[in-house]
Amino acid sequence: MTAPLRVAVTGAAGNIGYSLVWRLASGSCFGPDQPIILSLLEIPQGMQRLEGVVMEIVDSAFPLVHDIVATDDAGTAFADADAIFLVGSRPRTAGMERGDLVAANGPIFVGQGKAINRARSSVKVVTVGNPCNTNCLIASHYGSDIPKSQFTAMTRLDQNRAVGQLSSRLGVPPADVKDVVIWGNHGPEMYPDVTWASAGGKPVREQVDAGWLQGDFLKTVAQRGKAIIEARGASSAASAASAAIDHMRDWHLGTGGDLVSMAVVSQGQYGVPEGLVFSMPVRCEGGSYEVVEGLELDDFGKAKLAENIEALAGEREAVADLLG
Ligand code: NAX
C-alpha cells in the first residue's frame, strides 16, 4: 500500500482550515489513492475549536485519513512533514491595510520557519496567511535547513479570480481559459497578465480590448478580496482553500504543460531582486516546479512588475528587524 503523506495545516480551526482540511481528506489534492496523516496546528486559544474539527473529521470517516495529530506546538506539527499549508494568522478585516498585517503577522513566521527545519527536506510549503509573500520570505529565512525552492506563497486565488472573470466575460468554461499569469505580490498591485492566455482555444487578447484588460478586469481581480469582505463581512475562505488545493495539487501532480502562477523565492528571474518572494509563471512536473523564463513583457507589464518589486522590497524593508 502507498505510504501516507504527512500534511500539516496551521490555523486549522479557522475559516480557511475548515474548508481546506475536508478537501485534503477527500483526496482532491494528492489524489484519490494517496493516504494522508493530517497534522493540525492551532494556537492554545484555538485548541478547543480544533478538537471539534478533529471530531468532525473522524465523523466524516474518510478512507484516506490514516491518522490525525492536533497540537499547539509547531515543531510537533511539522516533524517529517511532506507538505505544509501555512494558513494560521490574523485575517485582514474591514479598514485594515496590508502594512498593518505585515506588523501583526510577521513574527508568527519566525517561529514557524524555524520549526519547518524539522520537516523532510523535500517538504512543499505554501504560505496562505497574509501578507503571504513576505510571510513566506520570513519562513524561508528561518527554515534554512530546507532548500529555498520548497517555500512558496499563494497567488493561485488571484489566478482563479482572473480566470473566473475571463470565463464570465467570454462565455467559456473556466477549464478552457489557459495560461493566465499572475506577477508579483498577493496585494492590490498584483498583475494578472493575459499576454499568453487563451480562452476557448483562441488568444484572449484577440477577444477583449486592452482598455478592459488594463481597466475593469485588473481592478476587479486586484480588489476582489476587499469586495468579498464587504459583501460577506468576512474574508474569502472557501475560494482561498480551493486555490491552496489547486496550488499544491499542481506542484505535486504536475500541470501537464499549462502555465500556472506561484510566488517563489526569486533567483533574479525577470529582474526581480534575489530573495524576494514573487509570483511568476511556472510549470510543474514530477513533484517540482520550474519558473518559465524568457517571456516578453510589454511596456505596461514591465511597469506593473516594477510596481510589484517596489511593493515587495518595501515589505521586506518593513520586516528587516525580523530578518536580522
Ligand atoms: P481565521 O481567523 O478564520 O483563522 C485563522 C486561524 O489561525 C485561527 O483559528 C487562529 O486561531 C489561527 N492562528 C492564528 N495564529 C496562529 C499561529 N501562530 N499558529 C497557528 N494558528 C494560528 O482566518 P482565515 O479566514 O482562515 O484566514 C487565514 C489567513 O489567510 C489570513 O491571514 C488571511 O488574510 C489569509 N488569506 C490569504 C489569501 C491568499 O490568497 N493568499 C486569501 C484568503 C485570506 O485572506
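When a ligand or atom number is given, it counts from 1 through the structure's own listing order.
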(request) Return the option from Ile229, Leu40, Asn15 holding the heavy atom at the smallest distance from atom 1 (P) of ligand 1. (result) Asn15
Between the side chains of [X] and [Y], is a donor N or O closer than 3.5 angstrom to an acceptor N or O?
{"X": "His186", "Y": "Ser279", "answer": "no"}
{"X": "Arg205", "Y": "Ser198", "answer": "no"}
{"X": "Arg249", "Y": "Ser28", "answer": "no"}

Hey, which atoms in ligand 1 end up nearer than 4.0 Å to a heavy atom of [X]?
{"X": "Cys132", "value": "41 (N)"}
{"X": "Gly11", "value": "6 (C), 7 (O), 12 (C), 20 (C), 21 (N)"}
{"X": "Ala240", "value": "42 (C), 43 (C)"}
{"X": "Val87", "value": "28 (C), 29 (C)"}
{"X": "Ala13", "value": "9 (O)"}
{"X": "Ile108", "value": "15 (N), 18 (N)"}
{"X": "Arg90", "value": "31 (C), 32 (O)"}

(request) Determine whether any heavy atom of Arg49 lies closer than 4.0 Å to an atom of ligand 1. (result) yes
(request) Considering only NZ, NE, NH1 and NH2 on the basic side and carboxylate oxygens on the acidic side, decide whether Lys178 and Asp258 come within less than 4.0 Å. (result) yes
(message) Could you check whether any side-chain N or O of Asn117 sits under 3.5 Å from a backbone N or O of Tyr142, counting only pairs where one atom can act as donor and the other as acceptor?
(response) yes
(message) Before you tell me yes or no, could you show the steps for Leu305 and Leu297 under side chain to side chain contact (heavy atoms under 4.5 Å, CB included), namely the whole-Å CA-CA distance, both residues' side-chain angles and the distance that decides it to 0.1 Å?
(response) CA-CA 9 Å; Leu305 249 70; Leu297 285 118; 3.9 Å; yes
(message) Evaluate Lys124 against Ile84 for side chain to side chain contact (heavy atoms under 4.5 Å, CB included), listing each step before the verdict.
(response) CA-CA 6 Å; Lys124 294 179 171 69; Ile84 301 177; over 6 Å; no
Report yes if [X] has an N/O atom closer than 3.5 Å to an N/O atom of ligand 1; otherwise report no.
{"X": "Leu157", "result": "no"}
{"X": "Gln112", "result": "yes"}
{"X": "Gly46", "result": "no"}

(request) Rounded to the nearest 0.5 Å, what's the gap from CZ on Phe217 to CG on Leu166? Could you check? (result) 4.0 Å
